[in-house]
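Because the structure is a prediction, the values reported are computed rather than measured. Letters A, B, ... are given to chains in the order of the sequence lines, protein chains preceding strands, and every chain is numbered from 1.
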Amino acid sequence: MSSLVSWDFRTDKVLQAIREGKRLDARAFDQYRKINIVKNISENADGSARVKIGETDVIVGVKMITSTPFPDSPDAGTLNVGVELLPIASPTFEAGPPDKESIELARVVDRGIRESKCLDFKEWSIEEGTLCWTAFVDIYALNHDGNLFDAAALASIVSLLETKMPKLEDKKIVKGEYKGKIKLSRKPLLCTFAKIANSVVADPSLPEEKAQSARFSVAVTEDDYLTAFQKGGLGSFTASEIDSAIDIALKNTKEIRKQI
Amino acid sequence: MSSLVSWDFRTDKVLQAIREGKRLDARAFDQYRKINIVKNISENADGSARVKIGETDVIVGVKMITSTPFPDSPDAGTLNVGVELLPIASPTFEAGPPDKESIELARVVDRGIRESKCLDFKEWSIEEGTLCWTAFVDIYALNHDGNLFDAAALASIVSLLETKMPKLEDKKIVKGEYKGKIKLSRKPLLCTFAKIANSVVADPSLPEEKAQSARFSVAVTEDDYLTAFQKGGLGSFTASEIDSAIDIALKNTKEIRKQI
Amino acid sequence: MSSLVSWDFRTDKVLQAIREGKRLDARAFDQYRKINIVKNISENADGSARVKIGETDVIVGVKMITSTPFPDSPDAGTLNVGVELLPIASPTFEAGPPDKESIELARVVDRGIRESKCLDFKEWSIEEGTLCWTAFVDIYALNHDGNLFDAAALASIVSLLETKMPKLEDKKIVKGEYKGKIKLSRKPLLCTFAKIANSVVADPSLPEEKAQSARFSVAVTEDDYLTAFQKGGLGSFTASEIDSAIDIALKNTKEIRKQI
Amino acid sequence: MAAKKKEEKTEFVNKQGKRLDGRTTDQVRPIKIQVGVVPRADGSCYLEWGQNKVIAAVYGPRECLPKHTASPYKAVVRYSYRMATFSVPDRKNPKPGRRDIEISKVSSEAFERAIFTERFPNTAIDIFVEVLDSNAGTRIAALTCAAVAVADAGIPMRDLISGVAVGKAGGKIIVDMNKFEEDAPDAVDIPMAILPNTEEIVLLQMDGLLSKKEWLEARGKAFEAIKQVYELQKQALLKKYEQPVEAAENGGVVQ
Amino acid sequence: MAAKKKEEKTEFVNKQGKRLDGRTTDQVRPIKIQVGVVPRADGSCYLEWGQNKVIAAVYGPRECLPKHTASPYKAVVRYSYRMATFSVPDRKNPKPGRRDIEISKVSSEAFERAIFTERFPNTAIDIFVEVLDSNAGTRIAALTCAAVAVADAGIPMRDLISGVAVGKAGGKIIVDMNKFEEDAPDAVDIPMAILPNTEEIVLLQMDGLLSKKEWLEARGKAFEAIKQVYELQKQALLKKYEQPVEAAENGGVVQ
Amino acid sequence: MAAKKKEEKTEFVNKQGKRLDGRTTDQVRPIKIQVGVVPRADGSCYLEWGQNKVIAAVYGPRECLPKHTASPYKAVVRYSYRMATFSVPDRKNPKPGRRDIEISKVSSEAFERAIFTERFPNTAIDIFVEVLDSNAGTRIAALTCAAVAVADAGIPMRDLISGVAVGKAGGKIIVDMNKFEEDAPDAVDIPMAILPNTEEIVLLQMDGLLSKKEWLEARGKAFEAIKQVYELQKQALLKKYEQPVEAAENGGVVQ
């Protein structure tokens with residue numbers, strides 16, 4: 001039973017390998033695990049996808065809902081990203097209202113997408129001040145083997161790319177009828193790095209996450225913009241570690257983007 | 001102090017009696033305890049009743065409230081059943097939001113009534129899409145001596161039979177004025193059975209509930225329809241036990257209905 | 001570290017002093033500690049103040065918000081008083097939803113103000129039945145050294161006296177523009193007393209609160225009306241103790257009111 | 001609190017000294033008390049006070065959980081005042097509100113004084129009261145009912161707790177206001193409870209505009225009225241031991 | 001529950017005995033089962049039943065926290081049924097509703113009978129099921145999927161749990177209703193689950209207007225259909241040990 | 001996040017290199033710091049940063065409850081960032097939102113690096129910060145204030161934490177943006193905090209569209225600005241031991 005594995009022991013092995021310039025799973029420091037993408041896995045969702053990075057497994061569904069616009073943006077729709085770290089995915093996840101881990105994850109995915117300006121929220125206005133579209137992007141972790149951040153962000157973008165806009169009649173959604181896909185002008189992707197000992201590695205596995213002192217995530221677009229940073233974890237990064245992580249992210253995402 | 005009674009000891013006595021074909025309180029296996037019904041026990045309620053089955057004591061009040069109809073039933077009112085297992089009623093009940101016990105009880109009572117189609121929800125439409133009547137049926141346990149299910153269901157039906165429809169003026173309720181009672185086309189009643197050892201008994205007392213392996217409830221109407229089933233508890237029933245329980249329910253409710 | 005102070009020891013000292021007709025800080029039984037008032041401490045608030053009574057430190061901010069009037073007062077605005085006993089203020093305060101201590105405090109402050117009829121809620125009607133002003137008075141404890149009640153009530157009245165009424169355009173608030181201060185026809189103030197041993201003292205310090213058997217608060221106006229009573233604590237008061245406390249409150253508030 | 005106020009001109013006490021419901025200014029509404037109505041509880045009571053109907057049950061002294069809330073010096077008294085959703089003119093939200101929590105707090109504190117809590121260290125005494133129907137004065141009806149339930153549980157007390165709400169309507173000081181009087185434009189409400197033998201005040205609240213002189217008059221009337229309530233509480237307790245409790249053919253009410 | 005009902009005249013079973021989706025009255029929708037899809041879990045299963053898609057994972061027997069919820073006599077089974085927000089036509093509130101809680105309760109109780117809980121005192125067996133897509137019958141799909149996951153975890157059971165929802169639409173008793181049939185004006189829904197070898201009923205619910213005679217017909221059809229479900233569950237479990245689990249190139253579905 | 005953006009044509013930095021509030025692109029708003037403003041706390045600080053006003057208090061190292069959250073290896077740092085309801089243009093909901101929780105998390109993690117937590121196993125260090133008034137950059141103002149409060153509590157640290165928010169508005173990289181600049185159509189916000197002596201980055205967030213080149217410029221400006229903040233923090237701490245803390249006749253602010 002996996003919950004009985006001695007993490008202390010595994011952490012020692014990760015650290016020892018990293019100090020020798022290796023990773024336990026033989027990847028290069030800047031290398032991702034195998035990525036697998038399946039689109040449209042739920043008919044009731046307006047868009048959905050399942051993404052695996054190694055054994056990390058995440059499912060995302062999008063629902064387009066009519067709602068009231070925010071008072072300070074009466075002519076624009078909006079985006080709402082939620083994360084549930086299902087107790088299915090790990091012996092350490094518990095059911096219940098979102099905790100700080102899932103809130104951070106949701107907000108980093110949200111910022112990466114929103115700040116890239118890939119969605120034109122003005123197009124989602126239905127009637128100024130009273131009605132607009134909100135995209136609810138709901139992320140569910142199914143198996144946690146490290147780097148849920150990147151899997152969640154990738155599954156979110158793929159789901160949005162598949163999302164169809166429901167038909168409206170008398171300002172009410174006609175169930176099951178659509179008028180084409182929503183538009184995305186960019187495809188921001190998130191890249192997460194772990195600082196282990198004095199090295200920085202891309203796409204940390206679960207044993208690597210347990211051994212890491214700090215985490216850094218950067219969202220980047222195909223036109224080489226950075227759209228979000230997030231440093232997490234108890235340790236610290238040097239300025240040059242951050243700069244180097246950004247370069248690796250710009251390089252890696254060009255590969256990943258081919259799979260979308 | 002009742003909370004100090006040794007339930008293990010009482011459970012043994014119940015099991016021993018049942019194996020000898022007897023019940024501790026000398027009832028036949030299909031026999032109810034004495035039922036006592038008092039109507040209209042709260043003036044502020046639009047309908048109310050207090051029902052005792054043996055020492056089990058339940059009070060129900062109904063409030064008719066104007067609300068917005070559900071989007072999928074714009075021309076119909078609705079029913080809302082809530083249960084509070086008051087800490088007054090038992091040393092094991094705790095104050096707080098509804099737990100799974102009270103939610104199950106509320107939903108079984110709700111289904112028994114709703115599915116009998118005794119209430120014509122279309123008559124509760126006030127203005128299509130915007131305003132309708134909702135009957136809030138709120139159940140409070142005052143003393144728990146077993147079989148709260150049947151006491152709650154009976155008190156709910158009696159309360160609904162007493163419920164007066166408030167007068168409306170400009171779509172607002174005129175406090176204290178009414179335009180006659182609401183209509184019920186049927187009187188569904190719930191009958192609950194306990195499986196103890198290999199026997200099935202009607203209307204379990206509290207010591208019997210502690211000794212039971214499983215519970216089965218069936219709601220029946222005066223025209224011999226079944227409108228709800230619910231199996232609960234850690235054990236199981238055979239198909240013939242279910243069939244026999246249904247027959248007893250159809251018989252017993254004819255008697256109980258005379259008291260309403 | 002203050003949390004390690006032995007309260008039992010301090011309580012004994014307080015009791016001994018009181019029995020000798022003295023207070024530990026050498027005040028007379030009916031005497032307040034030094035009061036310090038700072039107005040307008042937050043630009044984003046529509047009115048605000050910081051009040052210290054001795055080392056007890058409280059901050060209050062008022063926000064004027066447009067909302068829907070209550071159905072039973074369609075032509076009137078309303079008042080909403082909230083209290084947060086910030087964990088900043090004491091090692092025994094915990095973050096989280098309001099507990100019974102902060103709810104009691106909020107409701108006593110609310111009653112003292114509301115029942116004095118110092119606010120003419122009818123003037124806060126914007127459109128009968130649909131729109132009115134609500135004053136949100138939010139109280140934050142910054143340091144707890146006894147008698148938070150009086151500090152909170154005083155800071156609330158001072159904040160309301162400073163509160164400006166936002167400008168409206170098309171029934172929406174114009175940020176940062178105002179049309180003068182709101183009107184208060186009276187200035188109710190709260191006076192709290194502690195019963196310690198067989199004596200009653202005004203403005204209890206924290207060590208005195210720890211030693212008290214009961215608490216009595218009375219809100220009074222400049223025209224000598226009483227507008228709220230609240231007895232708290234595990235002990236009791238005699239009728240003459242209450243009467244005498246009222247007289248002291250009427251006297252003390254005349255002094256305090258000069259500082260507003 | 002934001003209740004609609006009646007027309008200014010309503011005369012709440014007429015020239016004959018009678019109120020709109022026929023009572024004198026000093027008269028308490030009819031009170032009926034039945035002891036021992038909840039067999040599973042250690043003590044219980046059902047009380048009607050005018051239209052108000054309340055039921056109280058007491059459990060304890062029993063284990064105090066969670067343990068860090070217990071005291072090694074005394075029993076902790078936990079009093080819970082709640083209103084059934086249908087007990088008020090508008091349906092009440094089933095979640096306890098701020099009013100419920102405040103009333104529960106001050107009532108708990110009243111019982112801490114009445115009960116010899118020091119005899120039961122490390123335990124809890126739980127008092128639950130549910131209001132089933134209401135018409136002004138429920139917190140006092142609940143407290144009065146609960147005091148009888150605590151006595152029924154055999155828990156030693158310095159004295160029963162007895163109370164009344166006095167107040168003002170139409171300029172007159174009156175005892176045990178009803179809902180209509182409570183909605184007077186100048187209404188003042190003063191819920192008050194004492195230990196009758198020592199006349200110690202264990203609960204006192206007030207809201208409204210009241211002069212010191214009016215307070216003194218109100219206090220005097222309250223003490224008189226509370227004596228009557230106290231007698232009814234004692235009679236009900238005596239009755240339990242004189243006659244067997246009858247099943248509630250009559251709705252659980254002693255006529 | 002307040003779902004819109006279809007026109008009275010819809011014919012749910014035609015003269016050839018076929019339903020609107022082409023099935024016979026006795027026919028179950030296609031079922032696909034894959035065992036062992038969540039590497040971190042002690043046991044897991046992915047199941048498709050018509051449009052329904054559910055995933056189940058089992059953790060345990062493991063420490064039962066908080067400790068006062070454990071039993072010295074047996075393992076406690078905690079079953080959690082949840083629906084993804086996007087798994088239904090309208091977006092579901094992510095907070096578990098009363099329906100989720102009731103289904104979780106009766107499903108827990110079914111597993112308490114199936115599992116030899118007495119062998120694991122003081123522990124918890126946690127069964128989590130998430131519905132990813134839905135079209136009537138999800139509680140039974142979830143239970144069926146969970147039973148396979150429990151077996152995959154190596155937890156000893158008296159038998160698998162197998163189930164089906166039978167019901168009535170347009171006056172006809174039919175097996176495994178879809179959403180359209182569930183919205184018939186006279187619809188009756190009877191979710192039912194048994195231990196197939198002993199035919200013990202471990203879950204049974206019903207809502208609708210049903211005669212005793214109709215119940216007997218429905219029960220008979222249910223027992224027949226459940227046998228087919230049971231076979232598919234056993235096959236999926238066998239397959240796990242015959243072939244290596246493939247990565248979900250095909251979306252985690254065994255064709 | 002959905003904040004209204006200003007007209008595209010606004011010029012945020014003029015030809016003289018001045019911003020709309022008169023500052024240069026590198027200039028930080030005025031900062032005032034007072035140490036030791038909460039007598040009951042183990043350490044405390046009040047800080048004004050432009051219009052931002054924050055107060056921080058530290059309790060600990062103290063017992064870590066509930067006990068299962070403690071670590072046998074080190075102190076647990078619990079940082080709580082909250083905003084008073086009236087501290088923002090629209091009234092803030094008093095319940096902590098997702099933004100509050102995220103900021104509290106990343107700030108806790110920054111302090112875990114700064115404090116020698118390994119010296120206080122099994123304890124908690126609680127840092128509470130309340131924002132009383134705001135105008136962009138509150139999370140950094142809060143962190144900067146909290147670092148001084150931790151030092152005031154005598155808790156050993158590797159270094160103070162000092163920070164600034166750098167960003168972009170109207171195409172220019174500027175230091176310590178105010179609310180108006182934060183609402184620029186092309187605004188980028190980069191809150192950043194370091195241990196000044198080692199220049200380790202302990203907090204870093206960003207949102208907006210930023211090129212790598214712009215990031216390098218922003219980072220450079222941030223490190224310069226942070227040095228100024230660090231000096232002010234040290235001065236305030238020195239001042240506490242040079243002069244007696246005065247009662248807050250001046251609103252608790254050191255001029």
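Evaluated for a side-chain contact (heavy atoms from CB on, under 4.5 Å) with A/I35, the options A/I260, A/L154, A/D150, A/D203 yield exactly one hit, A/L154.
Top candidate by heavy-atom pairs under 4.5 Å with chain A, chosen from E/L132, E/D126, E/T85, E/V129, is E/T85. Annotation: maximal heavy-atom pairing with chain E below 4.5 Å, among A/A45, A/S90, A/A89, A/G176, occurs at A/S90. Interface remark: of the candidates E/P89, E/S134, E/A57, E/P89 forms the most heavy-atom pairs closer than 4.5 Å to chain A. By number of non-hydrogen pairs under 4.5 angstrom with chain E, the leading residue of A/D145, A/L86, A/N143 is A/N143.
Atom CD of A/Q259 is surrounded by more than 12 heavy atoms from other residues, nucleotides or ligands within 6.0 Å. Heavy-atom contacts from other residues, nucleotides or ligands closer than 6.0 Å to CD of A/E169 number 12 or fewer.
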Original post:
Can you check side-chain contact (heavy atoms from CB on, under 4.5 Å) on E/V202 and E/E109, steps first, answer last?
Top reply: CA-CA 8 Å; E/V202 291; E/E109 291 167 342; over 6 Å; no
Subject >> Worked verdict on A/R27 versus A/E208 for salt bridge (Lys or Arg N to Asp or Glu O under 4.0 Å) >> reply: CA-CA 12 Å; A/R27 280 185 287 158; A/E208 288 172 342; 3.7 Å; yes
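Scored by the side-chain contact (heavy atoms from CB on, under 4.5 Å) test, E/S80 finds E/R82, E/F128 as partners (sequence neighbours excluded). Scanning for salt bridge (charged side-chain N to carboxylate O under 4.0 Å, His left out) contacts around A/E177 gives A/K167, with sequence neighbours left out.
Residue A/L142 touches chain E through both its backbone and its side chain, counting heavy-atom pairs closer than 4.5 Å. Looking at A/I88, both its backbone and its side chain come within 4.5 Å of chain E, counting heavy atoms on both sides. Residue contact with chain A, scored on non-hydrogen atoms closer than 4.5 Å, involves the backbone of E/V88 exclusively. E/P94 touches chain A through backbone and side chain together, each having a heavy atom under 4.5 Å away. Interface remark: A/L206 contributes side-chain atoms only to the contact with chain E (heavy atom separation under 4.5 Å).
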